[in-house]
Amino acid sequence: MVAKVPAIAPTVDILLGNLEDGVPVAEKEAARAGLVTVGKTVQMGDTQLWTRINSLDSPWALDDLTTLVTEIGNDLDVIMIPKVEGPEDIHYADRLVAQLEARAGLTRPILFHAILETARGVSNVEDICGASPRMQGISLGPADLAANRRMKTTRVGGGHPDYVVQGDPPAGADGVPDISAERSRSQQDLWHYTIARMVDACVTHGILPFYGPFGDIADTVACEAQFRNAYLLGCVGAWSLHPKQIDIAKRVFSPAPEAVAQAQRVIDAMGDGTGAIMLDGKMEDDASVKQCHVVVELAKAL
Ligand code: GLV
Ligand code: MG
């Protein structure tokens, strides 16, 4: 993995050294040491270096923070904290990291990114977002969240064929609805509520919402659909668990040229942005021109 870092770094916005789930217990310390080596030796260019430390209730979190801030604090942009339950977790990490930064003589703060992956975390998401000026953003963690909530999906993100809305039954020959007839079924998004809640909490506190992992690496089509739902609801990015998912994320989280051109057309037609006009049979006004600015500003930023 370390050997691949120089080639992957220029293709992504963020590279994250994961120390938590996915790293076997016997290799926790070797993974931490490997990340220190990466921080000290690899040139990341414009790509940010993040880490996901072990959860605060684990035996490794204290050494993760102490070692990483002390050894590579200058190279680390953001620390991702998993399984955050409430603002108290952020307060604890905030104080500890402040002490370590001071001891290491760092001159800029390391930021925090929380994973939303417990029911209590979702209940406290507004307070988590506002718990420290270090808060950079939040990612949805659908796997742990499903387990913690006792949802019955065993997938890492994405939909489930049994989570559906059933179309109405057609009338039978006697005019009575025939519930045994073929009818439409629409699969629904298991993650809609949580993503929407996370986006609102992040925007309220001026930080960034991200979709998290999509575990079915082979199903690039479903991955794209899940990422696109998150993009449309306001997320700024998603994790890539495999290089295959990098291009999907870039495509989805960048507005399509036609969408940018249409948004610019509305902005141009709206003049000073006030009042209301009809364009292609559609009403455009102050609010819709603001929607168009979101798309154009994102395109410019990218
Ligand atoms: C990510 O950490 C998840 O649990 O989905
Ligand atoms: Mg998790």
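Numbering of ligands and ligand atoms starts at 1, following listing order. Side chains are part of it too, since the values below use all heavy atoms of this structure and drop only hydrogens, waters and symmetry mates. These numbers come from a predicted model, not from an experiment.
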State whether the number of non-hydrogen atoms from other residues, nucleotides or ligands found under 6.0 Å of L302 atom CG is greater than 12. yes

Give a yes or no on whether E117 keeps an N, O or S atom under 2.8 Å from the Mg ion (ligand 2). yes

Could you tell me whether the side chain of Q226 and the main chain of G158 form a donor-acceptor pair under 3.5 Å? yes

For K28, run the side-chain hydrogen bond (donor to acceptor under 3.5 Å, both in side chains) check against D63, N54, D64 and tell me which one passes. N54

CD1-NZ distance between I217 and K244, expressed to the nearest 0.5 angstrom: 7.5 Å

With clusters defined by side-chain heavy atoms of hydrophobic residues (ILVMFWY) lying less than 4.5 Å apart, directly or transitively, does V12 cluster with V2? yes

Audit row: R108, E101, salt bridge (charged side-chain N to carboxylate O under 4.0 Å, His left out) steps and yes/no: CA-CA 8 Å; R108 57 113 179 89; E101 284 171 339; 5.9 Å; no

Check ligand 1 against the protein and report each N/O to N/O distance under 3.5 Å, formatted as atom name, atom name, distance.
residue  : atom  : partner : partner atom : Å
ligand 1 : 2 (O) : R52     : NH1          : 3.0
ligand 1 : 2 (O) : E117    : OE1          : 3.0
ligand 1 : 4 (O) : E117    : OE1          : 2.9
ligand 1 : 4 (O) : D144    : N            : 2.8
ligand 1 : 4 (O) : D144    : OD2          : 3.0
ligand 1 : 5 (O) : P142    : N            : 3.1
ligand 1 : 5 (O) : A143    : N            : 2.8

Would the distance check show the side chain of N148 and the main-chain N or O of D144 forming a donor-acceptor pair, the cut-off being under 3.5 Å? no

Can you tell me if, anywhere in D144, an N/O/S atom lies at a distance from the Mg ion (ligand 2) that is smaller than 2.8 Å? yes

